[in-house]
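Chain identifiers are assigned alphabetically (A, B, ...) following the order of the sequence lines, protein sequences preceding nucleic acid strands; residue numbering begins at 1 within each chain.
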Protein chains: 2
Amino acid sequence: MSSIHPAIVAQHSSAPLPQPWLERAWSAGSAPRSEDLIELIRSSGQTARLERDEMLFCEGDDGEALYVILSGTVRCCKVLADGRRQIIGFYQAGDLLGLSLGDVYFYSAEAVTPVRLRRLGRVQLETMMDERPQLRRRLFSIAAGELAAAQNQMLLLGRKTARERICTFLLGRAGSDGAVELPMSRTDIADYLGLTIETVSRTLSQLRSAGLVRMSGLSSLELTDPDRLSDMAEAA
Amino acid sequence: MSSIHPAIVAQHSSAPLPQPWLERAWSAGSAPRSEDLIELIRSSGQTARLERDEMLFCEGDDGEALYVILSGTVRCCKVLADGRRQIIGFYQAGDLLGLSLGDVYFYSAEAVTPVRLRRLGRVQLETMMDERPQLRRRLFSIAAGELAAAQNQMLLLGRKTARERICTFLLGRAGSDGAVELPMSRTDIADYLGLTIETVSRTLSQLRSAGLVRMSGLSSLELTDPDRLSDMAEAA
DNA sequence: CGCATCTTTGAGACTGCTCAATACAGGTGG
DNA sequence: CCACCTGTATTGAGCAGTCTCAAAGATGCG
């Protein structure tokens, strides 16, 4: 049950920081996430890298560090004894991982794509939090956003139809131009939305037939009618 | 994967504070929730009361206060345009409400039973947090627990069968003696577990026929075989 | 005691799942 | 560069668990 630990490579780079996933999923969000926090952690942590499908940490491991993703996509998941899996969320550049710094991590984190990230030890983090009220508030606010996202997902999983789930998912990942990148597999999408891969695939095909999305390759598509899609996301 | 052991729970001198829901749902929890925080808020807030079904705050309202429940049960829920409802959680004496102090509340809070609670303004809370590192850590830890509970619920809603959901729910609410109090209606339970009232009712009847629970009235039952129930909670 | 509400039980329908076959994409070697 | 091969995605047919609709049985309140 211990995680494979990635090589820690002391290395700096200043890649662009795309909008974090949370910002979009959390429409009622408080202040826009400032980059200072991320900069701070980036500058005080160590860099790590993950291969595709490599595990960053495992459910049950000691929660010893907070991570900032510099590039790539990470999935966090919980698994039942018989293998059924629920993906808690996908995280991308600018997002924080392992925020629930209890004694242990409550979920496993794995790389969907190759990932670069920075690691900040728990002690170091707590020191920083004690010293900087502003950082503290920001982290609290990010945790609140995470909670709000989780609750939205509970609504989706508990009460939405397959089509609504897919539409919600696509809208949540769409850029302002309607482009959607899906670096994760259909299986990952299914496990995130509480469906099977077949249902995901079928539903996407339906949306395509209905002229709501245009698909260009397996991992990228375009929303051609976001308004209608938006209606479909919340009402059958 | 067997039984849950709510071992702890020492006797408290004054008001009997039932174990907060979080403690039980969050098996991997950090330090047991100390009462000092609750005492602190209790002593600095104003008391409020709610009638049955009365609303404390509504999704979208300004998140101006944190509440501690003194007695009674509260449900927090999110609702879709067409009325479908998802209950995010049930909260009881000792639990905190409105922790996600963003600008607005992300869900509505309503009284399941008559409720007494204490209210602490946001400004007041932030002052207290700045002054007391320990309080701060505790609140952060509680928020983390809330997040963990939400993620467990995502697993339940996304991947568990009706029977598994009911079993998980019952185990989560059982005292050490196997007694379960259900102050909420079947509709509330259904909306919490992502089911319909009929399915809830049928499943409870099945468990009773199978000799796993004994029902004494609508709102209270007893787990007669927690181990078997526990198996059922995670595997069909 | 009577009424309104909630719960339980039943029968049938439907969404999404399972199992199975085909199609596609990406990488490998000739 | 193309044929091959493996893993993933799509499509199809049938099934099952849960939902819907409906009625009867409890419960609680005035």
> Using a heavy-atom cut-off of 4.0 Å across all strands, would you classify A:S205 as base, sugar-phosphate, or nothing?
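Result for A:S205 = sugar-phosphate.
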> Roughly, in whole Å, what's the span from CG in A:L156 to P in C:dG16?
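Atom CG in A:L156 sits about 12 Å away from atom P in C:dG16.
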> Identify whether the distance between the nearest side-chain nitrogen and carboxylate oxygen of A:R75 and A:D53 falls below 4.0 Å.
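Counted as a salt bridge, because a side-chain N and a carboxylate O are separated by less than 4.0 Å.
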> Round to a whole Å and report the spacing from CG of A:D82 to C1' of C:dT18.
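That distance rounds to 15 Å.
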> Within this structure, what is the CD1-to-C1' distance between B:I197 and C:dG10, rounded to whole angstrom?
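Those two atoms, CD1 and C1', are 14 Å apart.
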> For a 4.5 angstrom cut-off between non-hydrogen side-chain atoms, does B:L229 reach B:D227?
no
> Base, sugar-phosphate, or nothing: which does A:R165 touch, judged by heavy atoms less than 4.0 Å apart?
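Here A:R165 touches no strand at all.
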> Please state how far atom CG in B:L182 lies from atom C1' in C:dT7, giving the value in whole angstrom units.
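Going from CG in B:L182 over to C1' in C:dT7 covers 13 Å.
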> Nearest whole angstrom, please: distance from the P of D:dT11 to the CZ of A:R186.
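Those two atoms, CZ and P, are 10 Å apart.
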> Rounded to whole Å, how long is the line connecting atom CG of A:L193 with atom P of C:dG16?
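Whole-Å distance recorded here is 12 Å.
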> Are B:Q153 and B:Y192 packed together at the side-chain level, in the sense that at least one heavy-atom pair is separated by less than 4.5 angstrom?
yes
> Summarise protein proximity over nucleotides 13-30 of chain D in one line of letters, 5' to 3': B for base, S for sugar-phosphate only, - for none, counting protein heavy atoms closer than 4.0 Å.
B----SSBB-----S---
> Testing B:E234, B:K160, B:M232 for side chain to side chain contact (heavy atoms under 4.5 Å, CB included) with B:T168, which one passes?
B:K160
> Tell me: CE of B:M184 to P of C:dC6, nearest whole Å?
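B:M184 atom CE is separated from C:dC6 atom P by 16 Å.
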> When the distance from CG of A:L207 to C1' of D:dT10 is rounded to whole Å, what number comes out?
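A:L207 atom CG is separated from D:dT10 atom C1' by 15 Å.
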> Under a plain distance cut-off of 3.5 Å, with no hydrogens placed, do B:R163 and B:T203 share a side-chain donor-acceptor pair?
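The criterion, which ignores hydrogens and geometry beyond distance, is not satisfied for B:R163 and B:T203.
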> Which of these, B:R84, B:Q86, B:R85, sits in a side chain to side chain contact (heavy atoms under 4.5 Å, CB included) with A:L155?
B:Q86
